[in-house]
Number of protein chains: 2
Amino acid sequence: MYSDKNTLISVGLKITPQRIAVMEALHKLKSHPSAEMIISFIQKSHPHIAVGTIYKVLDLFVAKGIIRKVMTDKGVMRYDSVLDKHHHLYCSESGEIIDYVDEELDVLLKDYFERKKVTGFSIEEINLHLIGSYNKKKKE
Amino acid sequence: MYSDKNTLISVGLKITPQRIAVMEALHKLKSHPSAEMIISFIQKSHPHIAVGTIYKVLDLFVAKGIIRKVMTDKGVMRYDSVLDKHHHLYCSESGEIIDYVDEELDVLLKDYFERKKVTGFSIEEINLHLIGSYNKKKKE
DNA sequence: TCTTAGATAAGAATAATTCTCATATAAGAA
DNA sequence: TTCTTATATGAGAATTATTCTTATCTAAGA
């Protein structure tokens, strides 16, 4: 797997301490962190890195395809450093967002949309969002 | 189908002109409007309704289950007045969000997750988000 | 018509993100 | 190794989006 520096080089970006710090934060905060979580994390070890810089670097990484923005209905930006095809579990209790990977599911959805052909709409991506909660099994 | 007033009454809310205006806006702006779109729409005909009131009424409607928040990766709140089970098409060009309804898809997903049983995670809702674009067919 | 619990207006406050521009610096050239 | 310069960053102001506060208004039951 690429190192952080190699990733930057591979997309034509200069290696700066601030960018390395952001990438580290994204990898260590595994749970699709919000901008605020990333900022807090970074400022613990790099208190001099400006908030504006972090936002700018995050936007740059999204633009370069190094990370992706995550959909939420909370009105805050969250980020995903895992680029491989996956879906998300949204814990309605904790707010946690967990990756869900299953190739069978991907095939199922792909087949369905090849059959169904949503008229006039060219599909680029299919994301499944599962809302639920951990552990407390509903007794239905 | 319920009228706006009946909807309010059915969830124990008083009928106020501001609430009626918000409901009208939600029904007329069919495309999962952002808070800003709703505010702009309402202030054309009700310039005296305060922005804070609109936000408060929207939150109240979400809390009462009259409308729902829509997931986006844009960091702004958008709302959905259609409560029936459906999925969304996200147009990556226009930003438009369109409802997608297909019972077969719902059955497919339900069956899949009954077989798969995501360990320790109690599913409340399954939402499919299709990202793509209209009309310009990709020549693959 | 009166009463009052709850709703709203207005704008201040907060939170999240973007912008500006002087200064710093990564990295290629010499 | 030093120099150069195109690009990056810091700092905080500005903007945008949303929430809070509280005096006043009002929906609807009595």
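For clarity, every value in this text was computed on a predicted model and none was experimentally measured. First the proteins, then the strands, lettered A, B, ... as listed; each starts at 1. What's counted below: heavy atoms across the whole structure, side chains too, no hydrogens, waters or symmetry copies.
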Between [atom2] on [N] and [atom1] on [X], what's the gap in Å once rounded to a whole number?
X        : N       : atom1 : atom2 : result
Ile39(A) : dT17(C) : CD1   : P     : 7 Å
Lys64(A) : dA8(D)  : NZ    : P     : 9 Å
Ile20(A) : dT9(D)  : CD1   : P     : 11 Å
Met37(A) : dT17(C) : CE    : P     : 11 Å
Ile54(A) : dT17(C) : CD1   : P     : 12 Å
Ile9(B)  : dG6(C)  : CD1   : P     : 17 Å
Ile49(B) : dA9(C)  : CD1   : C1'   : 11 Å
Met77(B) : dT16(D) : CE    : C1'   : 13 Å

Given [options], the nucleotide with the shortest approach to the side chain of [X]:
X        : options                  : answer
Lys14(A) : dA6(D), dG6(C), dA9(C)   : dA6(D)
Val51(A) : dT9(D), dT17(C), dT18(D) : dT17(C)
Asp59(A) : dT18(C), dA9(C), dA17(D) : dT18(C)

Are [X] and [N] close enough that a side-chain N or O sits under 4.0 Å from OP1 or OP2?
X        : N       : value
Arg19(A) : dT9(D)  : yes
Gln18(B) : dA27(D) : no
Tyr55(A) : dT18(C) : no
Thr16(A) : dT25(C) : no

* Of Ile15(A) and Ala35(A), whose nearest nucleotide on DNA chain C comes first from the 5' end? ->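 Nearer the 5' end of the strand: Ala35(A).
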* Asked: Is the shortest heavy-atom distance from the side chain of Arg19(A) to the side chain of Lys14(A) under 4.5 Å?
  ->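 With C-beta onward as the side chain, the pair touches.
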* Sub-4.5 Å side-chain heavy-atom contact between Met77(B) and Tyr55(B) ->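 Side-chain contact under 4.5 Å: no.
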* Asked: Taking the nucleotide of DNA chain D with the closest heavy atom to each, which residue, Gly75(B) or Leu13(B), is nearer the 5' end?
  ->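 Nearest-nucleotide comparison on DNA chain D picks Gly75(B).
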* Asked: Is there a chain of hydrophobic side chains (I, L, V, M, F, W, Y, each step under 4.5 Å between heavy atoms) that links Met71(B) to Ile67(B)?
  ->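 No, no single cluster joins them.
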* Identify whether any heavy atom of Pro17(A) sits under 4.0 Å from a base atom; if not, whether one sits that close to sugar-phosphate; answer base, sugar-phosphate or nothing. =>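 Sugar-phosphate: the residue Pro17(A), judged by heavy atoms under 4.0 Å, touches backbone atoms but no base.
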* To do: Pick base, sugar-phosphate or nothing for Thr53(A), based on heavy-atom distances below 4.0 Å to the nucleic acid.
  =>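 Base, at least one base heavy atom under 4.0 Å.
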* Base partner of dA30(C), which must satisfy Watson-Crick or wobble distances under 3.5 Å ->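 Base partner found: dT1(D).
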* Quick one: sort the Tyr100(A) and Phe113(B) rings into parallel, tilted or perpendicular, breaks at 30° and 60°. =>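 Plane angle between 30° and 60°, so tilted.
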* Asp99(B) versus His32(B), side-chain donor and acceptor atoms under 3.5 Å ->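 Result is yes, a qualifying pair exists.
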